[in-house]
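Count residues from 1 along the sequence. None of these values were measured; they are calculated from a predicted model.
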Amino acid sequence: MDRCEKVLGIPGCSVIAAAGALFIAVSAYGLAIQEATVRRGAATQSERSIADARQVFENRCAGCHGIDGRGGERAPDIATAAKTQRRSDSVLAQIINNGIPAAGMPAFSTLDSSTSRALVKYLRFLQGKTGSAALPGNPQNGKAIFFGRARCSECHLAAGAGGFIAPDLSSYGRSRPAEELRDAIIKPGQPSNASGGTVAVATRAGQTLTGVPRNEDNFSLQLQSLDGAFHLLMKSDVASIRRDPNSLMPADYGSTLSVGELNDLVSFLMSVAQQEKPSPDPKENEPSVEKE
C-alpha cells in the first residue's frame with residue numbers, strides 16, 4: 001500500500017484520476033463562463049440602441065451636419081434632403097465607413113458594423129422614416145392636457161389650433177425621440193431647449209410693451225406682444241429695452257404634471273407630428289447637383 005492509499009484510503013492511481021477529472025471539470029466551467037461572456041458581448045455589440053447611435057451622431061456627425069442632421073456651415077442637410085433619403089441603408093453605411101474625401105467628409109472606418117448600422121437607423125429616425133414610433137402614453141389624454149390644465153395652447157399651435165406667441169409644435173415630435181420631448185417640457189431653460197426670451201420695451205410716449213422680438217436691426221424692432229399682436233417700433237421712439245433671456249414656458253411641469261401625464265403630453269405631440277404632412281421642398285423638382 002503506497003502513502004496516498006494509507007492517508008486517503010484511495011488507491012494511488014484513483015487519486016490521480018480523480019485529480020485529473022477535477023481539473024478537466026474546472027477548466028470546462030471556466031471556458032463555459034468565458035464563452036457566455038463573449039456571447040453577451042457579441043449580443044450587446046450587435047444590438048446597439050438608438051440612444052447609443054444618437055450619442056455617436058452628436059459626437060462625430062453633428063459638428064458638421066447639425067444636431068438635427070439638417071446641415072451646418074461645413075456639411076449639407078442629410079435629414080430632409082431627398083437624395084440622401086433615397087439612398088439605401090447599405091450605401092449610407094458605406095459612406096460612413098469610407099467617407100467622401102472629395103467633399104471633405106472623413107472616413108469613420110474605426111466604427112464597427114453594428115455601430116454603423118445603428119447610426120444609419122438613427123439617421124432614418126431624423127428623416128422621419130422609422131414608421132410610427134411607440135407612444136409612451138395616451139395621446140387623447142395628452143391633447144386634453146395640452147389644451148387644458150398645462151395651458152400649452154395659450155402660446156403654442158398644434159394641429160392648427162392654439163396660440164402664436166411660441167413655436168408651432170405640429171411637427172416638433174417628428175424627428176425627436178420621446179425622451180427629448182419630455183426633456184424639453186420639464187427643462188425649458190436648458191441651452192438646447194431655450195427660446196430667445198422676451199423683451200420689455202418702454203416708448204418715449206409712455207407705452208410699455210412686453211413680448212417676443214421677431215425682427216430687429218439698428219433702427220427698428222418688430223415685437224409680438226403676448227396677446228399675439230405685432231408692433232413695429234422705431235428705436236428713435238424707444239426710451240428703453242429690457243431683455244429677459246428666460247423662456248416664457250413654465251419651468252415646473254416636472255412637478256405639476258405626473259409621469260403619466262407627461263407621457264400623455266409627449267404622446268400627443270408625437271401623434272400630431274405623425275399625422276402632419278411634411279412641407280414640400282420647392283427645390284426638390286429643380287435640376288441641381290447636390291453636394292454631399
Which atoms form the tightest heavy-atom contact between [X] and [Y], and what is the distance?
| X | Y | result |
| --- | --- | --- |
| Met270 | Ala178 | SD-CB, 4.0 Å |
| Leu119 | Ala53 | CD1-O, 3.6 Å |
| Gly160 | Ser170 | N-OG, 4.2 Å |
| Pro167 | His156 | O-ND1, 2.8 Å |
| Ala251 | Pro188 | CA-CG, 3.9 Å |
| Gly69 | Phe57 | CA-CZ, 4.0 Å |

Assess whether atom CD of Glu58 is packed by more than 12 heavy atoms of other residues, nucleotides or ligands within 6.0 Å.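 More than 12 heavy atoms, drawn from other residues, nucleotides or ligands, come within 6.0 Å of this atom.
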Taking atom CD of Gln55 as the centre, report whether more than 12 heavy atoms of other residues, nucleotides or ligands fall under 6.0 Å from it.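 No, not enclosed.
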Spacing of [X] atom [atom1] and [Y] atom [atom2] [to the nearest 0.5 Å]:
| X | Y | atom1 | atom2 | value |
| --- | --- | --- | --- | --- |
| Ser267 | Gln140 | OG | CD | 11.0 Å |
| Ser153 | Lys143 | OG | NZ | 11.0 Å |
| Asp52 | Thr115 | CG | OG1 | 8.0 Å |
| Ser109 | Ile96 | OG | CD1 | 12.5 Å |
| Leu226 | Cys155 | CG | SG | 7.5 Å |
| Arg182 | Ile185 | CZ | CD1 | 8.0 Å |

Without swapping roles, check the side chain of [X] against the backbone of [Y] for a donor-acceptor pair under 3.5 Å.
| X | Y | result |
| --- | --- | --- |
| Asn98 | Ala107 | no |
| Arg204 | Ser236 | yes |
| Gln85 | Ala79 | yes |
| Asn97 | Ala93 | yes |
| His65 | Pro76 | yes |
| Gln127 | Ile78 | yes |

Should [X] and [Y] be counted in the same cluster of Ile, Leu, Val, Met, Phe, Trp and Tyr side chains packed under 4.5 Å apart?
| X | Y | answer |
| --- | --- | --- |
| Leu111 | Val120 | yes |
| Leu181 | Leu157 | no |
| Ile186 | Leu269 | yes |
| Tyr172 | Phe164 | no |
| Val266 | Leu257 | yes |

Contact between Ile145 and Leu262 at the side-chain level, heavy atoms closer than 4.5 Å - yes or no? no
Leu233: which other cluster members, linking ILVMFWY side chains closer than 4.5 Å, directly or transitively?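 Hydrophobic cluster check, Leu233: joined to Val199, Val201, Leu209, Leu221, Leu223, Val238, Ile241.
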Regarding [X] and [Y], do their side chains bring together a donor and an acceptor under 3.5 Å, going by distance alone?
| X | Y | value |
| --- | --- | --- |
| Arg214 | Gln224 | yes |
| Asp252 | Ser255 | no |
| Asp217 | Ser220 | yes |

Given side-chain contact (heavy atoms from CB on, under 4.5 Å), test Arg70 with Thr80 step by step and report yes or no. CA-CA 7 Å; Arg70 300 194 176 193; Thr80 64; 3.8 Å; yes
Classify the angle between the aromatic ring planes of Phe147 and Phe268 as parallel (below 30°), tilted (30 to 60°) or perpendicular (above 60°).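 Rings of Phe147 and Phe268: perpendicular, as their planes differ by over 60°.
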Could you walk me through whether Gln274 and Leu135 pass the side-chain contact (heavy atoms from CB on, under 4.5 Å) check? CA-CA 11 Å; Gln274 290 169 5; Leu135 302 179; 4.1 Å; yes
Applying side-chain contact (heavy atoms from CB on, under 4.5 Å), run through Ser225 and His231 and close with a yes or a no. CA-CA 7 Å; Ser225 54; His231 306 268; 3.1 Å; yes
Check the pair Phe146, Leu169 against side-chain contact (heavy atoms from CB on, under 4.5 Å), reporting the backbone distance first and the verdict last. CA-CA 11 Å; Phe146 185 92; Leu169 300 181; 4.0 Å; yes
